[in-house]
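The structure presented is a predicted model; accordingly, all values stated were derived computationally and were not measured.
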2 protein chains.
Amino acid sequence: MAIVKMRDVAAHAGVSISTVSKILSGSAAAHQIPAHTIERVRRSASQLGYIPNAVARNLRTQRTREIGIVLGQETYPEAAALTLDGAFLIGLMEAVATCHLPGMVVYPRERSSSIADVARYLDGRIEGLLVRSSTPHHEELLLSLFARSPLPVVAVWTQEVPDTVGFVDVDHRAGAYQAVRHLLDLGHRRIAYVESSPVFEHPHFLARYQGYEQALREAQVTFQPEWHVIGVEQEKIERLLQLPDAVTAIFTPNDVTAGAVATILHTLHRRIPGDISLVGFDDIANADLIAGGLTTVHQPIQEISMQAVRNLIALIGGTPVVECRAVLSTSLIIRNSSAPPATR
Amino acid sequence: MAIVKMRDVAAHAGVSISTVSKILSGSAAAHQIPAHTIERVRRSASQLGYIPNAVARNLRTQRTREIGIVLGQETYPEAAALTLDGAFLIGLMEAVATCHLPGMVVYPRERSSSIADVARYLDGRIEGLLVRSSTPHHEELLLSLFARSPLPVVAVWTQEVPDTVGFVDVDHRAGAYQAVRHLLDLGHRRIAYVESSPVFEHPHFLARYQGYEQALREAQVTFQPEWHVIGVEQEKIERLLQLPDAVTAIFTPNDVTAGAVATILHTLHRRIPGDISLVGFDDIANADLIAGGLTTVHQPIQEISMQAVRNLIALIGGTPVVECRAVLSTSLIIRNSSAPPATR
DNA sequence: CTGAAAGCGCTAACAA
DNA sequence: TTGTTAGCGCTTTCAG
């Protein structure tokens, strides 16, 4: 059996092809088509198992109602991205369903962002694009290519975008502040900041570091340079614990680093939170498995996804860019890895 | 500036629109178009920033070179799916890039699989569909709807499919066998099987259980019914450790359950692997953070993704279904959570 | 070697 | 209230 087309339905129902179109595309009322005709055509369509061809409709209407998203390997840091991406994707799927979009085109991120690569997003398949922030440098380049393109673009997890691009990000600084504040409230005064690579490489991490600093400052704690550890190695963590005034808590700007620190602490026979408290950032899947339940800063992935899709739809619909930008709040999830410092 | 179309390029280069088409769609050689014309047209195209409209091409050629995948919330068990899906998606992206497909359409899974829902996959947008197995019952229903549809479909993580559907799965039974065999080789004789819900609910887990049983049998270990624990609760785990012959190792058919068990063991002050060994299944992201590094059965996600895409492309290309089916092998990843039993 | 013409399946003026 | 007609932007015979 060949594919059923609109003309077949028309013939079967004994009406013209345009009448079928009017009915099936929902403009029947506007054309004052009587109920019995509608009924007859509908019956024919379902009887024949007619499925409208989206490609033809898209060409004719010049709309696809489809949006795209660029994802890929080059996200950073790797493992965190892996786990956050899973949740992010699930969130996006929900958003897509909620907004009644047929689906979402996922594009693998190209290694090099040349102007030629951008062509794939402009070939008419999609009406707008979501760009999931990755390595900052790479990112900037890709986004800058969209600055002068007609395609609506919303970036996720960054705020450094061209004028024409919308974004959704979280308040990294406030999140980190909240986490460190929690440790201070528990009574900690010597709190280390342990990260896997220098803070300055990514705006996220710079902001998180600033939140840490701000919390210390407000609590009148004098920051000690030794507290800022770059590179998660056993000797470095050991050194933190052997300082004349050993730290009693560690804040890491992402959960994967927290996991690595937890493993090292385990090796060093330090108990969490008995001997030392540990707080992370991201609330990745399985954060509850890290260190027996990691206290961490939760990123509202569901909302991020939803907001991203909504903003993109708004941008497509002609809403001014400034209204298609959002910075969401994080929330602190207190689990088992943080407690008051041991008195001694 | 309006969108540049093929006719604009033709005018600019001083040739007809069909000549431009031949050159830009790669059939220039077949039409014996001289190099200088090709050159001229190419130059005009890039000068004008011409990007061919994919929708129009798709309509004309009746091909989209695009494949789809159904993903969604209803995966099972939830957390494992979350983390595996992230890796799966990354793998798919790589496969898509490797196979030179433009992108992949991701569809949110519908709550109800009625025949009407299937229409969305048959509207001409995609040439083939990947279905990621979820709740078994739901799954069967969805796949059965494709049994008589013209759309090529490849299911992932299941082998229970209609005749017309391809699949990619891993050998769950062999994987579990390997894991338990590892424990036996270490000297363990009393090995529990702890799962969160009954084994029979999903073929995966039934197969994993059978692998466990088989390993015990071959090692001449008599299985004790108390070893099979359903539901991860502290009392149940405690009971395992208080048996006259306490178990010395626990195998869980997925890493999330292993993580939960690890947390309970931690609470009970049992050391892993000092007091008890723990082995999981899946090798989810962050498995290295569970129990200080979880020994587990690795699912070759990269290969699964690649094979899924390859099989689907083959099926679209007319390869017989039987050749579009694959069962991949797992591999044991030995980390820190397994060691010989304590001698006493 | 190049171009004219037909048409992929559908929608939306415009007529009737 | 319904049908006729003209395309959407492209590819592909088929003539020239």
Side-chain angles (χ1 to χ4, degrees), chain A residues 2-42 44-45 48-65 102 119 122-127 150, chain B residues 2-42 44-45 48-65 102 119 122-127 150:
Chain A
I3 281 278
V4 179
K5 296 169 215 165
M6 197 175 265
R7 76 156 70 89
D8 302 317
V9 177
H12 187 272
V15 295
S16 82
I17 183 174
S18 67
T19 300
V20 177
S21 172
K22 283 164 196 155
I23 292 168
L24 265 33
S25 62
S27 60
H31 290 272
Q32 305 183 166
I33 295 175
H36 62 271
T37 308
I38 296 180
E39 179 62 15
R40 184 154 43 96
V41 169
R42 282 247 153 79
S44 293
L48 297 176
Y50 172 68
I51 297 170
N53 182 302
V55 180
R57 184 184 337 105
N58 292 347
L59 177 60
R60 177 59 234 232
T61 61
Q62 300 290 78
R63 299 213 53 180
T64 64
R65 290 179 35 74
L122 300 173
D123 67 3
R125 259 184 248 261
I126 56 171
E127 293 188 33
Chain B
I3 281 278
V4 179
K5 296 169 214 163
M6 198 175 263
R7 77 155 69 89
D8 302 315
V9 177
H12 187 272
V15 293
S16 82
I17 184 175
S18 65
T19 300
V20 176
S21 172
K22 282 163 195 157
I23 292 168
L24 264 34
S25 63
S27 62
H31 290 272
Q32 307 184 161
I33 295 174
H36 62 269
T37 307
I38 295 181
E39 178 62 14
R40 186 154 42 96
V41 169
R42 284 249 153 78
S44 294
L48 297 176
Y50 172 68
I51 297 170
N53 182 303
V55 180
R57 184 184 335 106
N58 292 347
L59 177 60
R60 176 60 233 232
T61 61
Q62 299 290 77
R63 300 215 51 181
T64 64
R65 290 179 35 72
L122 300 173
D123 66 3
R125 259 184 247 261
I126 55 171
E127 293 187 34

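- For the pair A/P52 and B/G14, both in contact range of DNA chain C, the more 5′-proximal nearest nucleotide belongs to B/G14.
- When each of D/dT2, D/dC10, C/dC1 is scored by its nearest atom to the side-chain atoms of B/M6, the top-ranked nucleotide is D/dC10.
- Put simply, CZ on A/R63 is 16 Å from C1' on C/dC10, counting in whole angstrom units.
- B/T37 and B/I23 get closest at one heavy-atom pair: O-CD1, 4.1 Å.
- A/V15 is listed as a side-chain neighbour of A/V20, based on a closest heavy-atom distance under 4.5 Å.
- A/Y50 has no side-chain polar atom (N or O) that falls below the 4.0 Å cut-off from OP1 or OP2 of C/dG9.
- Atoms CG (A/N58) and P (C/dG9) sit 15 Å apart, rounded to a whole Å.
- With D/dT2, D/dT12, D/dC10 as the candidates, the nucleotide lying closest to the side chain of A/P34 is D/dT2.
- Under the 4.5 Å side-chain criterion, counting only non-hydrogen atoms from C-beta, A/R63 is not in contact with A/N58.
- Across the protein-nucleic acid pair, A/K22 atom NZ and C/dC10 atom C1' stand 13 Å apart, rounded to whole Å.
- The separation between B/L122 atom CG and C/dG9 atom P is 16 Å, rounded to whole Å.
- Of the candidates D/dG9, D/dT12, C/dT2, the closest approach to any side-chain atom of B/S18 belongs to D/dT12.
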side-chain contact (heavy atoms from CB on, under 4.5 Å) between A/T64 and A/R125, intermediate numbers included: CA-CA 7 Å; A/T64 64; A/R125 259 184 248 261; 5.7 Å; no
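- The side chain of A/T19 contributes no N or O atom lying less than 4.0 Å from OP1 or OP2 of D/dT2.
- OP1 or OP2 of C/dT2 has at least one side-chain nitrogen or oxygen of B/T37 nearer than 4.0 Å.
- Distance, A/Q62 CD to D/dC8 C1': 5 Å, rounded to whole Å.
- Counting to the nearest Å, the P atom of C/dA5 and the CZ atom of B/R7 are 16 Å from each other.
- Comparing B/H31 and A/I51 by the nucleotide of DNA chain C whose heavy atom lies nearest to each, the residue mapping closer to the 5' end is B/H31.
- For the pair B/R65 CZ and D/dT11 P, the interatomic distance rounds to 13 Å; values are reported in whole Å.
- Closest to the side chain of A/A56, from the set C/dC10, C/dC8, C/dC1, is C/dC10.
- B/S25 comes within contact range of the sugar-phosphate backbone alone, with a heavy-atom separation under 4.0 Å but no base atom that close.
- Among the nucleotides D/dC8, C/dG3, D/dC10, the one closest to any side-chain atom of A/L59 is D/dC8.
- Within 4.0 Å (heavy atoms only), A/V55 reaches no atom of the nucleic acid at all.
- Rounding to whole angstrom units, CD1 of residue A/I23 and P of D/dG3 are separated by 10 Å.
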Stepwise side-chain contact (heavy atoms from CB on, under 4.5 Å) test for B/K5 and B/D8: CA-CA 5 Å; B/K5 296 169 214 163; B/D8 302 315; 3.8 Å; yes
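- Considering every non-hydrogen atom in both A/S25 and A/S21, the closest pair reads OG-O, 2.6 Å.
- Of the candidate nucleotides C/dT11, D/dG3, D/dT11, D/dT11 has the atom lying nearest to any side-chain atom of B/S21.
- Using a cutoff of 4.0 Å between basic side-chain nitrogens and carboxylate oxygens, A/E127 and A/R65 are not scored as salt-bridged.
- Using a 4.5 Å heavy-atom cutoff, the side chains of B/R42 and B/I38 are in contact.
- Which of C/dC8, D/dG9, C/dT2 sits closest to the side chain of B/I33 comes down to C/dT2.
- Ranking D/dG3, C/dC8, C/dG9 by closeness to the A/R60 side chain, first place goes to C/dG9.
- Taking the C1' atoms of five terminal pairs at each end of the helix from C/dC1-D/dG16 to C/dA16-D/dT1, the two resulting helix axes are inclined by 50°, rounded to 10°.
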